[in-house]
Every structure is written in C-alpha cells, then in structure tokens.
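In what follows, a structure is listed as structure tokens, so that the remarks can point back to it.
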Amino acid sequence: MEEQIAKIKEVALEEIKEATNAKELDDARVKYLGKKGELTSILRGMGSLSPEERPIIGSKVNEVRDELESLIKSRENEFSKLELERKLKEERIDITLPATKIKRGSKHPLNRIIEEVEDLFVSMGYDVVTGPELETDEYCFERLNLPKGHPARDMQDSFYITSEYLLRTQTSAVQARTMMANEEKSPIRVICPGKTYRRDDDATHSHQFSQVEGLLIDKNISLADLKGTLEVFVRKMLGENLELRFRPSYFPFTEPSYEVDVSCFKCGGKGCNLCKQTGWIEVLGSGMVHPKVLKMNGYDPEKYTGFAFGTGLDRLAMFKYGITDIRLLYQNDVRFLNQFDRLDR
Ligand code: DAH
C-alpha cells in the first residue's frame, strides 16, 4: 500500500510539474485529488485495512495530498502570473497618444444676442416675459391703438390664420398682455424677446425674424429715463463710445415716438456702405407709452407713465457679427454656425 502511495506521489508530482497550462493542471488535480481521484480512492479503501495500518496509511495519504496541493497552488500562481503578464502586454494602452476630439456644437448667434440682452436687462431689474406667437388681432393691434382699418396696419404685412388670429408681427403684443395681467400693479419692468412674422423675404428681411420688446411703467417716468436706458442698451450691445440720435417718428402705441439711430460703428460716422453714407444706422423704435394704450390696458394715464421700445434682434446679430444676409440666421447651415464656436474658446 505504501509503495502504491509513493508511486502515485511520484507520478502525480511529475504530472503537476509538467502541466503547461491551467487546464492540464486542473486535470491532474481531479485525477489524483478529485472525488474519484487515485489518492482519494485509497482513503476510501481504508476500511479494509487493519487498525494498526490505518493511521499510518492515513497520515501518509494526507502528507502526500498536502504536498500535491501545495505544488498545485504554486503552479496555479505561476499560471495566473503569466496570464496577467500576457494581458498587460496585449491590452497595453499608449496613454501618450493624442485623444480623439469630441465635436461640440456652437451657440446660435441669435441665442447669443438674446442671452446678452436678457443678462443686461435682468441686471437692471427687468423680468423676461413671453407671449404667444399665434396672437389675436386684439393684442397685436387693437390694444396697441391700431384699430381695424388704421393705415399703420399696412406697415406690417401680416400672416392671418383666421380673421381674428395671426402670427404676431411684433413683440409689442406682449406689452398689452403684460399690462392686462398686472392690473395696475406698478411698476412694470419687462423685456420680451421672441419670434415675429411678416410677409417679407429678401436679404435683409425674413418672413420669420426676432424682436425684443421693452416696457417700463411706473409713476413719474419721463423721456429722460427712456434715453438713459436705451443709451446703456445700445452702447453695451454695439460699442461703448457710440453716439445715439433720437429722431422723432410715429408709432401708434407711443406718443411722442422716436426712432433711435446709432453712429455708424463701421466707419465711425464718416459714411460708408453699411450706413448708406449717412453716418447713422437705425437700431430701435421707441417712445412714451400712449395714454390711450395705458387706458385700454387697465392703467390710469393720469397716474402712470411709461416708455416702450422694440428692436430687431436679427439686425443686432448681423451688426455685431458682420453677417450680411439675414436668411443665414434661419437656414441652420452648420458651415455658417460652426464659425461661432470660436467665441466660446
Ligand atoms: N413694434 C415696432 C415694430 O415692429 C417697434 C417698436 C416701436 C416697439 C416703438 C415699441 C415702440 O415698443 O415703442 O416696428
């Protein structure tokens, strides 16, 4: 019996030593130490031994089993070390390679302008409000002192959906909405940027464009407040050293009304193609809110005064970024839009 054990030991040690991979090693383990393994069968057969032999053989088998197990363990370690080394070699990453660039979009120039205008007015205590693009004739015109048949309606070629609904031609509609919603709770200080629509389509007009409207109503508001506010607005957007010119004009919802010109930021006022040799560029419509408009929208013109202004955001973006065709702002051609990503760097 002892001889048999010694033989198993010898052969098993040899096999374990010669195993060339984890699979062969495991096969050897099963062959000798597994449930039906050679060494295990000897332990099983111990019943037929004499009581004197049993402990001797038992301890011998255990001894051999421990020896085989420890050799298997050390060979296992060897294999897993080899495996790790192989993986490290195979899956090696060259961290000095340049990274793949992630393509990022860029903010649309109109959104840039809108955010800039909003930041400026919010810093002066204004709220940003919105109104519907599908507007009623009542809010777009009637409540702004433009009754049906008023000749000034012809200035704005409108897209009517029904006789009462149209795509708003001006963000001024939000003036009336804000006043009606506030019910004489003064003061009102709002701007409303948004999309507007008219039946135009050429290099300087698009059937859809963007405006921002401003409205301030309180007690004792004067033209000086309007001038000061618009000076801050225009200089912040287009250049600190620019001159402003308030040119008397006509809008049905303001009295008096002014168009605001800014000294040409391209030629400095000398005259060029941008300002059509006049030295001035028109940038805003504005005025003191017409008493009739205040009254029609729930504000007592004896108690309250206010100013309003409106401007095209597309024009502002075009001036600021030197864009020559307004339609570029609405075509979403990435070759055009990508040029603005460098403003973020
Ligand atoms: N709504 C006018 C337009 O689209 C612009 C405008 C002029 C707005 C004077 C105003 C204003 O609020 O007071 O041409």
Side-chain angles (χ1 to χ4, degrees), residues 117 121 126-133 135-146 150-159 166-180 188-200 204-218 221-231 233-234 237 244-262 281-294 296-297 299 301 304-316 326:
V117 173
F121 279 98
Y126 284 67
D127 285 333
V128 179
V129 295
T130 56
E133 287 171 37
E135 188 51 284
T136 58
D137 185 275
E138 179 190 349
Y139 278 101
C140 201
F141 297 128
E142 299 262 352
R143 287 185 175 279
L144 295 172
N145 197 27
L146 269 150
H150 194 290
R153 283 194 179 207
D154 298 344
M155 282 156 53
Q156 304 184 358
D157 264 337
S158 319
F159 285 116
L166 73 157
L167 294 175
R168 68 177 175 198
T169 54
Q170 50 184 359
T171 42
S172 304
V174 185
Q175 281 191 31
R177 287 195 173 272
T178 311
M179 282 186 245
M180 289 301 282
I188 290 179
R189 254 190 256 122
V190 294
I191 58 159
C192 169
K195 296 192 184 85
T196 42
Y197 303 82
R198 288 185 203 176
R199 287 195 282 128
D200 289 318
T204 51
H205 295 91
S206 152
H207 57 275
Q208 186 225 297
F209 55 106
S210 303
Q211 287 190 334
V212 63
E213 189 77 17
L215 175 69
L216 186 139
I217 297 175
D218 206 341
I221 297 301
S222 76
L223 200 56
D225 299 309
L226 171 63
K227 277 190 79 176
T229 306
L230 293 185
E231 265 171 20
F233 178 30
V234 171
M237 296 303 291
L244 269 68
R245 179 170 81 172
F246 285 72
R247 187 162 38 77
S249 181
Y250 171 77
F251 295 105
F253 26 89
T254 41
E255 183 57 39
S257 302
Y258 299 91
E259 279 176 279
V260 181
D261 298 336
V262 60
I281 293 175
E282 183 202 319
V283 286
L284 278 155
S286 67
M288 301 306 291
V289 181
H290 198 296
K292 267 194 180 168
V293 173
L294 284 171
M296 248 188 289
N297 296 294
Y299 277 72
Y304 293 99
T305 47
F307 65 69
F309 58 88
T311 185
L313 292 166
D314 315 276
R315 270 164 64 77
L316 273 185
I326 187 175

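Counting starts at 1 for both ligands and their atoms, in listed order. These numbers come from a predicted model, not from an experiment.
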Under a 3.5 Å threshold, yes or no: a donor from one side chain and an acceptor from the other, between Glu213 and Gln170? no
Using atom types as modelled, flag every donor-acceptor pair under 3.5 Å from a side chain in residues 221-230 to any protein atom, sequence neighbours excluded.
from, atom 1, to, atom 2, distance (Å)
Ser222, OG, Ala224, N, 3.2
Asp225, OD2, Ser222, N, 2.8
Thr229, OG1, Asp225, O, 2.7

May I ask you to decide whether Glu135 forms a salt bridge with Arg177, counting only side-chain N to carboxylate O separations under 4.0 Å? yes
Approximate separation, where rounding is to 0.5 Å, of Ile217 CD1 and Thr305 OG1: 9.0 Å
Show every donor-acceptor pair shorter than 3.5 Å between a side-chain atom in residues 137-144 and any protein atom, with sequence neighbours excluded, or say none if there are none.
from, atom 1, to, atom 2, distance (Å)
Asp137, OD1, Arg153, NH2, 2.9
Asp137, OD2, Arg153, NH1, 2.9
Asp137, OD2, Tyr160, OH, 2.6
Glu138, OE2, Arg143, NE, 2.7
Glu138, OE2, Arg143, NH2, 3.1
Glu142, OE2, Lys148, NZ, 3.3
Arg143, NH1, Met296, O, 2.9
Arg143, NH1, Asn297, OD1, 3.3

Could you pull out every N or O of ligand 1 that sits under 3.5 Å from a protein N or O, with the distance for each pair?
from, atom 1, to, atom 2, distance (Å)
ligand 1, 1 (N), Gln170, OE1, 2.8
ligand 1, 1 (N), Ser172, OG, 2.9
ligand 1, 4 (O), Arg198, NH2, 2.8
ligand 1, 4 (O), Gln211, NE2, 2.8
ligand 1, 12 (O), Gln175, NE2, 3.0
ligand 1, 12 (O), Glu213, OE2, 2.5
ligand 1, 12 (O), Phe309, N, 3.4
ligand 1, 12 (O), Phe309, O, 3.4
ligand 1, 13 (O), Ala308, O, 3.3

Scan residues 189-198 for pairs that pass salt bridge (Lys or Arg N to Asp or Glu O under 4.0 Å), counting only residues two or more places apart or in two chains. none
